[in-house]
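The block underneath contains the structure these notes are about, expressed in structure tokens.
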Protein chains: 2
Amino acid sequence: MRRDVFQAIADPTRRAIISLIAVNAMTPNAIADHFEATRQAVSKHLRILSECDLVTQEQKGREIYYSLQIEKMKEIDQWLAQYRKIWETRFNQLDQVLEQLKKTNPQK
Amino acid sequence: MRRDVFQAIADPTRRAIISLIAVNAMTPNAIADHFEATRQAVSKHLRILSECDLVTQEQKGREIYYSLQIEKMKEIDQWLAQYRKIWETRFNQLDQVLEQLKKTNPQK
DNA sequence: TATAAGTGCAACTATTTGGTTTCACAAGTT
DNA sequence: AACTTGTGAAACCAAATAGTTGCACTTATA
């Protein structure tokens, strides 16, 4: 059973859950109320998110509050960083091209 | 058949392919040589990557060169941006806490 | 023209996935 | 003590997925 961040965010429902609990911690029931999904389906998604440490839980009485582990999101950011470097480089190169065009072809 | 960027990057083999062709365009055979995967398996991954516009192809004679559509990667970056805002805010808040600690408890 | 190389695609298979239904259990409430 | 609420987990199911095998087509080469 593969369980990494990329697999976790692949599902749109899970991304929606992530978005929901990003600001405030929420209980499974409260989360389920925001979707057409059943409580049990949400529970399974939460388990998957837990297994890759994207969410943490805190028990309060008989309720369990789930909250986003924002640190884990940085992992995606780190993976993306190498590609960001590429598109920034390309942007700069394009910038140079435009600059060059300006010089060789000044205001008509 | 769901076909979006998040689902595409969920598979580790596809992330490896993305990484491979990020710098230089490559043919399916050349890509397959870098894995244990068969040429056909790579071909299927390339199709999936094509379907969500993560890669583009260019035919040269009987060879087809696949290259990464770096613009599409920005989509992930944009999705991540909202969470980046969160962790940067939290970082700043932590920063303020540390600053406050410094003031109330100056160099021992 | 015959052959080889590079490729996509369809059919098939085993595994994984997302979801539902049902049950169990713990924490409050009556 | 009996009931309700909030939850996780197991069993089951349909659909999707990753991979293999085999075939077809196109482009180059002998």
Side-chain angles (χ1 to χ4, degrees), chain A residues 1-21 24-69 72 76 79, chain B residues 1-21 24-69 72 76 79:
Chain A
M1 182 175 22
R2 186 156 37 87
R3 205 53 82 202
D4 60 48
V5 193
F6 296 100
Q7 197 266 339
I9 63 166
D11 184 81
T13 304
R14 281 197 291 270
R15 287 202 299 282
I17 292 177
I18 289 176
S19 167
L20 258 184
I21 63 175
N24 300 311
M26 288 176 77
T27 66
N29 266 324
I31 296 170
D33 284 345
H34 284 77
F35 303 102
E36 341 68 60
T38 62
R39 203 258 316 156
Q40 282 86 344
V42 168
S43 189
K44 279 188 84 173
H45 283 305
L46 284 172
R47 185 144 81 100
I48 290 169
L49 292 170
S50 290
E51 277 170 2
C52 66
D53 301 316
L54 260 171
V55 307
T56 50
Q57 19 184 323
E58 193 187 353
Q59 184 116 22
K60 279 192 181 173
R62 64 184 163 186
E63 293 181 328
I64 300 178
Y65 284 84
Y66 284 85
S67 53
L68 180 62
Q69 197 65 24
K72 198 68 181 180
I76 307 167
W79 174 77
Chain B
M1 181 177 18
R2 188 158 35 87
R3 203 54 82 202
D4 61 47
V5 192
F6 296 100
Q7 195 265 339
I9 64 166
D11 184 82
T13 305
R14 280 197 289 270
R15 287 202 300 281
I17 291 177
I18 288 175
S19 167
L20 257 184
I21 64 173
N24 301 310
M26 287 176 76
T27 67
N29 266 323
I31 296 170
D33 284 345
H34 284 76
F35 302 101
E36 341 69 60
T38 61
R39 204 255 321 156
Q40 283 86 343
V42 169
S43 190
K44 278 188 83 171
H45 283 305
L46 284 173
R47 185 143 82 100
I48 290 168
L49 292 170
S50 290
E51 277 170 2
C52 67
D53 300 317
L54 259 172
V55 305
T56 49
Q57 18 183 325
E58 194 187 352
Q59 184 116 20
K60 279 190 180 174
R62 64 183 165 189
E63 292 182 327
I64 299 177
Y65 284 84
Y66 284 85
S67 54
L68 180 63
Q69 197 65 25
K72 198 68 183 181
I76 307 168
W79 174 78

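In what follows, chains are A, B, ... by sequence order, proteins preceding strands, each numbered from 1.
When rounded to the nearest whole Å, the span between CD of B:E58 and C1' of C:dG6 equals 16 Å. Taking atom CZ of residue B:R3 and atom P of nucleotide D:dA18, one finds them 8 Å apart after rounding to whole Å. C:dT16 atom P lies 14 Å from atom CG of A:D4, rounded to whole Å. Whole-Å rounding puts the A:E63 CD to D:dG8 C1' distance at 15 Å. Rounded to a whole Å, the CD1 atom of A:I17 is 12 Å from the C1' atom of C:dG18. The distance from atom NE2 of A:H45 to atom P of C:dT17 is 12 Å, rounded to the nearest whole Å. The CZ-P distance, from A:F6 to C:dT17, rounds to 16 Å in whole Å. In this structure, the CG atom of B:N29 is 8 Å from the C1' atom of C:dT7, given to the nearest Å.
For the pair B:W79/B:F6, a side-chain contact is recorded, criterion being any heavy-atom separation below 4.5 Å from C-beta on.
Once rounded to the nearest 0.5 Å, the distance linking CG of B:D11 with CD1 of B:I18 reads 9.5 Å. Here the CD1 atom belonging to B:I21 is positioned 12.0 Å from the NE2 atom belonging to B:H34, to the nearest 0.5 angstrom. With values rounded to the nearest 0.5 angstrom, A:T27 atom OG1 is found 10.5 Å from A:R39 atom CZ. Note that NE2 of A:H45 and CZ of A:F35 are 8.5 Å apart. Values are rounded to the nearest 0.5 Å.
Counting non-hydrogen atoms under 4.0 angstrom, A:L46 reaches nothing in the nucleic acid.
Residue B:P28 is the one, among B:P28 and A:R14, whose nearest nucleotide of DNA chain C lies closer to the 5' end (criterion: closest heavy atom). When each of A:T13 and B:Q57 is assigned the nucleotide of DNA chain C bearing its nearest heavy atom, the one mapping closer to the 5' terminus is B:Q57.
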Listing time: all N or O pairs from protein to nucleotides 25-30 of chain C that are below 3.5 Å?
{"from": "C:dA27", "atom 1": "N3", "to": "A:R62", "atom 2": "NH1", "distance (Å)": "3.3"}

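A distance-only check finds a donor-acceptor pair linking the side chain of B:R15 to the backbone of B:A10 [under 3.5 Å]. Checked by atom type and distance alone, the side chain of B:S50 pairs as donor or acceptor with a backbone atom of B:L46 at under 3.5 Å. At distances below 3.5 Å, at least one donor-acceptor pair connects side-chain atoms of B:R14 with backbone N or O atoms of B:A8.
Contacts between residues 32-43 of chain B and DNA chain C, defined by a heavy-atom separation under 4.0 Å, are made by B:R39, B:Q40, B:S43.
Candidate nucleotides D:dT7, D:dA9, C:dT7 were compared by shortest atom distance to the side chain of A:R47, and D:dA9 ranks first.
Contact annotation: side chain of B:K44 to base of D:dG19, donor-acceptor pair present below 3.5 Å.
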Distance-only check: which donor-acceptor pairs under 3.5 Å involve side-chain atoms of residues 54-67 of chain B, not counting sequence neighbours?
{"from": "B:T56", "atom 1": "OG1", "to": "B:S67", "atom 2": "OG", "distance (Å)": "3.3"}
{"from": "B:T56", "atom 1": "OG1", "to": "B:Q69", "atom 2": "OE1", "distance (Å)": "3.4"}
{"from": "B:Q59", "atom 1": "NE2", "to": "B:G61", "atom 2": "O", "distance (Å)": "3.2"}
{"from": "B:E63", "atom 1": "OE1", "to": "B:Y65", "atom 2": "OH", "distance (Å)": "3.0"}

